[in-house]
Structures are given as structure tokens and as C-alpha cells.
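Reading through the C-alpha cells given below for one structure.
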Amino acid sequence: IQPPTFRESSMAATLLNLGFGFLVGACLVWFLMVPANTQRINKAANEKVVSYSNTMATQSAEMNKMQEQIDQSEESAQQQIEDAQNQTTSYENLIKAYAAFQSGNYTSAANVLQNVQADLLSVDAKEIYDSIYKNIQTTMKNNLKTQGEQAFYAKDYETAITDLSQAMEMDDS
């Protein structure tokens, strides 16, 4: 048995083999290296998206918290404005009642004094209120009783209850 003899191939066959080798190498690089690189890029992009989403959620929560604080501040400011207006109105009514009391018009003083909120007054203003109130308490009680009775006969029961209750607080007889 004689072994086949080695024959040297032609130049074209060698170039064809080299070209086939380069093609197989390029395919290996394309199918093994490119997907790994694409996966690495996608993973980095997903991490950035998650990071940005967390940042946005945190900032959104902070914005909501700040908006709630702004709303509370606005409500507080509005309440302070209303309190100041009520206090101013009470002082104005106290001055009107004092002027009417000094002029001897007890009915007018009693009517105006009903609109004064004594709990909003200062200590000195409260003393003036108390002195006027003591002197015209009977007139105020009679006015409230009359107004309550008129409201009752007019079938305005809410006003009647309010006026008669205030009159009863002054003198429960």
C-alpha cells in the first residue's frame, strides 16, 4: 500500500483557503464579540434609565412635599388675614358702641356691641367692653329677645334660636 503523495496546491487554492479562513474568523468575531458588546451597552443604558427614574421619582416626591408646604402656608396666611380682619372689625364695633354709649344711645350701643368678638380684644379693650356690657346688658337682652321673637314669628327658626339663645345666656329668666 502506497500512501498518497503530497501534492502542492496551486496559488488559487491557497488564496481560496485563506479567504475562507478570514471569512470564518470574521463570522466568529461577529457572532461572539458583537452580541457581548451590544449586551454591555444595553445594560449600561438600562442602569442609566433606572437611575434617572429614581431621581425623577425622588424629585417628584420633593416637589409634592414643597407644594403641600406652600398650600399650608397659603392657608395659614389666609387664616391670619381673616383673624386680623375680624379683630379690626371687633375694634371698630367697640369704638362705635363706646361712642353710642357715651352719647346715651343705649339701644344703638347694644346693637353694635353684639357684633364685637370679645375674645379677640386686648386686655384694655376687654375692660372697656366689659364696662359697656354691664351697663347695657338689659338693653341687649331685650333687643335679642325681641329680634328672636320676630324671627320666630317670621318662621326664621335658625335666627330665632341664635338670638334667643344669646338672650338666655345673658339672663336665663
Side-chain angles (χ1 to χ4, degrees), residues 34-173:
V34 170
N37 192 28
T38 304
Q39 186 178 15
R40 182 181 55 80
I41 291 171
N42 286 340
K43 183 178 178 182
N46 287 339
E47 288 174 356
K48 285 185 180 182
V49 167
V50 168
S51 172
Y52 292 145
S53 295
N54 289 339
T55 302
M56 286 179 58
T58 303
Q59 289 177 349
S60 177
E62 287 178 18
M63 285 179 55
N64 289 340
K65 182 179 175 183
M66 294 293 178
Q67 185 63 39
E68 288 175 6
Q69 288 177 349
I70 289 171
D71 292 342
Q72 289 174 351
S73 296
E74 287 176 354
E75 290 173 8
S76 175
Q78 190 66 24
Q79 183 63 38
Q80 289 175 354
I81 289 170
E82 289 176 14
D83 291 345
Q85 288 174 342
N86 289 340
Q87 189 174 19
T88 303
T89 303
S90 291
Y91 276 106
E92 289 173 354
N93 287 332
L94 181 63
I95 292 170
K96 290 176 186 176
Y98 183 75
F101 178 74
Q102 290 295 328
S103 67
N105 190 353
Y106 297 131
T107 304
S108 177
N111 289 334
V112 175
L113 200 63
Q114 289 175 3
N115 297 326
V116 174
Q117 295 178 7
D119 56 330
L120 299 178
L121 300 176
S122 66
V123 175
D124 294 332
K126 180 77 167 143
E127 289 177 11
I128 295 170
Y129 173 83
D130 288 339
S131 67
I132 295 171
Y133 182 78
K134 286 178 186 175
N135 289 319
I136 61 171
Q137 181 178 9
T138 307
T139 306
M140 283 179 64
K141 178 191 65 122
N142 291 336
N143 285 346
L144 286 170
K145 181 182 173 190
T146 304
Q147 290 173 5
E149 288 172 349
Q150 289 174 352
F152 177 77
Y153 294 128
K155 296 185 181 183
D156 183 8
Y157 299 117
E158 291 179 22
T159 306
I161 289 171
T162 303
D163 291 344
L164 292 173
S165 296
Q166 287 177 354
M168 193 167 173
E169 286 175 10
M170 291 179 192
D171 184 9
D172 58 358
S173 65

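Sequence positions, counted from 1, serve as the residue numbers for this chain. Predicted, not measured: the structure shown is a model, and the values here were computed from it.
- For the residue pair Y153/E149, the side-chain donor-acceptor check at 3.5 Å is not satisfied.
- Within the 3.5 Å criterion, the main-chain N or O of M56 finds no donor-acceptor partner in the side chain of S60.
- Side-chain contact between R40 and K43 is absent, with no heavy-atom pair separated by less than 4.5 Å.
- The structure places OG of S51 at 12.5 Å from CG of N46, a figure rounded to the nearest 0.5 Å.
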message: side chain to side chain donor-acceptor pair (under 3.5 Å), that's the test. Do D71 and Q67 meet it? Break it down for me.
response: CA-CA 6 Å; D71 292 342; Q67 185 63 39; 3.2 Å; yes

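- Across all non-hydrogen atoms, the minimal contact from L121 to S90 is CD2-CB, 4.2 Å.
- Contact between V112 and N93 at its shortest, heavy atoms only, is CG1-O, 3.0 Å.
- Around CD of Q39, the count of heavy atoms belonging to other residues, nucleotides or ligands within 6.0 Å does not exceed 12.
- Between the side chains of N64 and E68, no donor-acceptor pair is found at a separation under 3.5 Å.
- A distance-only check finds a donor-acceptor pair linking the side chain of S165 to the backbone of I161 [under 3.5 Å].
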Trace of the side chain to side chain contact (heavy atoms under 4.5 Å, CB included) decision for Y91 with S122: CA-CA 9 Å; Y91 276 106; S122 66; 3.3 Å; yes

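- Rounding to the nearest 0.5 Å places OG1 of T159 at 9.5 Å from CD of Q147.
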- request: List the steps and the verdict of side chain to side chain contact (heavy atoms under 4.5 Å, CB included) for L164 and M168.
  value: CA-CA 6 Å; L164 292 173; M168 193 167 173; over 6 Å; no

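- Here the OH-OG distance, from Y98 to S103, works out to 11.5 Å after rounding to the nearest 0.5 Å.
- Residues E74 and I70 are in side-chain contact: their nearest non-hydrogen atoms beyond the backbone lie under 4.5 Å apart.
- Side-chain atoms of D83 and Q87 include no donor-acceptor pair closer than 3.5 Å.
- Counting only heavy atoms from C-beta outward, the side chains of T89 and N115 never approach each other to under 4.5 Å.
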message: Evaluate M66 against Q69 for side chain to side chain contact (heavy atoms under 4.5 Å, CB included), listing each step before the verdict.
response: CA-CA 5 Å; M66 294 293 178; Q69 288 177 349; 3.6 Å; yes

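- Around CD of Q102, the count of heavy atoms belonging to other residues, nucleotides or ligands within 6.0 Å exceeds 12.
- When all heavy atoms are compared, the tightest approach of G148 to A160 is O-CB, 3.4 Å.
- Counting only heavy atoms from C-beta outward, the side chains of K126 and Y129 approach each other to under 4.5 Å.
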